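Here is the structure we will look at, set down as structure tokens.
All figures in this text were calculated on a predicted structure; none of them were measured in a lab.
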Amino acid sequence: VQLQASGGGLVQAGGSLRLSCAASGSNFRGLAMGWYRQAPGKQREVVALISNLGSQNYADSAKGRFTISRDNAKNTVNLQMNSLKPEDTAVYYCYAYTGVNYWGQGTLVTVSS
């Protein structure tokens with residue numbers, strides 16, 4: 001499975017960003033997908049997950065602000081991030097699971113105060 005993430009950037013606190021991840025090399029409909037992030041000096045942590053059937057789970061820090069979705073026709077998973085805070089600053093990684101973990105390259109999100 002190859003994962004290509006995009007959509008990171010610099011945004012002011014309170015703003016929004018939309019991350020996208022394009023998957024290839026496997027049956028996308030069978031993949032559980034998600035987003036993780038890693039802030040400087042911290043461990044990688046889960047942000048949001050979506051099952052192959054569309055069931056969503058969020059970290060407490062993301063609930064009410066972030067929305068994960070998948071487009072099986074385009075083989076993409078998206079993360080809509082609203083009301084961004086400086087503590088959301090991190091490298092965000094796309095993730096896929098099909099018995100094996102797959103990771104995309106990170107995309108940097110910087111939220112300025």
Side-chain angles (χ1 to χ4, degrees):
V1 178
Q2 292 79 47
L3 303 171
Q4 181 69 42
S6 61
L10 173 65
V11 64
Q12 288 188 331
S16 298
L17 279 176
R18 183 178 177 86
L19 306 182
S20 292
C21 177
S24 61
S26 183
N27 177 14
F28 182 78
R29 292 178 183 271
L31 295 175
M33 304 289 296
W35 291 92
Y36 282 68
R37 68 186 182 187
Q38 188 166 16
K42 295 187 177 181
Q43 290 188 334
R44 191 173 296 188
E45 62 179 9
V46 63
V47 177
L49 301 171
I50 187 165
S51 74
N52 60 325
L53 298 178
S55 177
Q56 303 160 29
N57 284 283
Y58 297 92
D60 287 344
S61 60
K63 288 179 180 177
R65 299 188 299 128
F66 295 1
T67 301
I68 190 170
S69 62
R70 62 189 297 155
D71 186 335
N72 290 337
K74 296 181 179 179
N75 288 4
T76 58
V77 61
N78 303 303
L79 185 68
Q80 178 67 42
M81 304 187 294
N82 299 326
S83 302
L84 283 162
K85 305 174 182 179
E87 50 263 44
D88 294 317
T89 294
V91 177
Y92 284 70
Y93 295 91
C94 181
Y95 164 82
Y97 177 78
T98 177
V100 177
N101 294 329
Y102 296 93
W103 298 95
Q105 93 290 0
T107 185
L108 177 63
V109 172
T110 304
V111 184
S112 64
S113 57

*Give a yes or no on whether the backbone of Leu31 and the side-chain of Arg70 come within a donor-acceptor separation of less than 3.5 Å.*
yes

Practice task
Give the C-alpha distance, both sets of side-chain angles, the deciding distance and a yes or no for side chain to side chain contact (heavy atoms under 4.5 Å, CB included) between Ser51 and Leu53.
Solution key: CA-CA 5 Å; Ser51 74; Leu53 298 178; 3.9 Å; yes

Salt bridge (Lys or Arg N to Asp or Glu O under 4.0 Å) filter on Arg18, not counting sequence neighbours, yields none

Side-chain donor/acceptor of Arg44 to backbone N/O of Ala39, under 3.5 Å:
no

Spell out, yes or no, whether Val111 and Val47 are grouped together once hydrophobic residues are joined by side-chain heavy atoms under 4.5 Å, including indirect joins. yes

Nearest heavy-atom approach of Val46 to Ala59 is O-CB, 3.4 Å

Nearest heavy-atom approach of Ala48 to Leu79 is CB-CD1, 4.1 Å

Rounding to 0.5 Å, atoms CG (Leu17) and CG (Asp88) come to a distance of 10.0 Å

Q) Same hydrophobic cluster for Tyr36 and Val77, using side-chain heavy-atom links shorter than 4.5 Å among ILVMFWY? A) no

Contacts of Tyr102 meeting ring pair (Phe, Tyr, Trp, His ring centres under 6.0 Å) (sequence neighbours excluded), chain-then-number -> none

Across all chains, not counting sequence neighbours, the ring pair (Phe, Tyr, Trp, His ring centres under 6.0 Å) partners of Tyr92 are none

Here the gap from Trp35 atom CH2 to Glu45 atom CD, rounded to the nearest 0.5 Å, amounts to 15.0 Å

The residue among Ile68, Asn52, Leu3, Val1 that forms side chain to side chain contact (heavy atoms under 4.5 Å, CB included) with Met33 is Leu3

Evaluate the ring planes of Trp103 and Tyr95, with Trp represented by its six-membered ring, and classify them as parallel (under 30°), tilted (30 to 60°) or perpendicular (over 60°). tilted

dist Ser24:OG -> Gln2:CD (nearest 0.5 Å) comes out at 4.5 Å

Under a 4.5 Å side-chain heavy-atom rule over Ile, Leu, Val, Met, Phe, Trp and Tyr, are Phe28 and Val100 clustered together?
yes

Minimal heavy-atom distance between Thr107 and Gly8, with the atoms involved, is OG1-N, 3.1 Å

Q: Look only at the side chain of Arg65 and the backbone of Ser83, and say whether a donor-acceptor pair between them is shorter than 3.5 Å.
A: yes

Q | Distance-only polar pair, side chains of Gln80 and Asn82, donor-acceptor under 3.5 Å | A | yes

- Task: Classify the side-chain pair Gln56/Tyr58 by whether it contains a donor and acceptor separated by less than 3.5 Å.
- Result: yes

Distance col, row Ser69:OG vs Ile50:CD1, nearest 0.5 angstrom, shows 6.5 Å

Exercise for review: For Ser20 and Asn78, test the side chains for any donor-to-acceptor distance below 3.5 angstrom and give the result as yes or no.
Suggested key: yes

(Q) Between Val91 and Val109, is there shared hydrophobic-cluster membership here, with clusters defined by ILVMFWY side-chain heavy atoms closer than 4.5 Å? (A) no

Nearest heavy-atom approach of Tyr93 to Gln105 is CD2-C, 4.1 Å

dist Arg37:CZ -> Met81:CE (nearest 0.5 Å) comes out at 8.5 Å

dist Leu19:CG -> Thr76:OG1 (nearest 0.5 Å) comes out at 12.5 Å

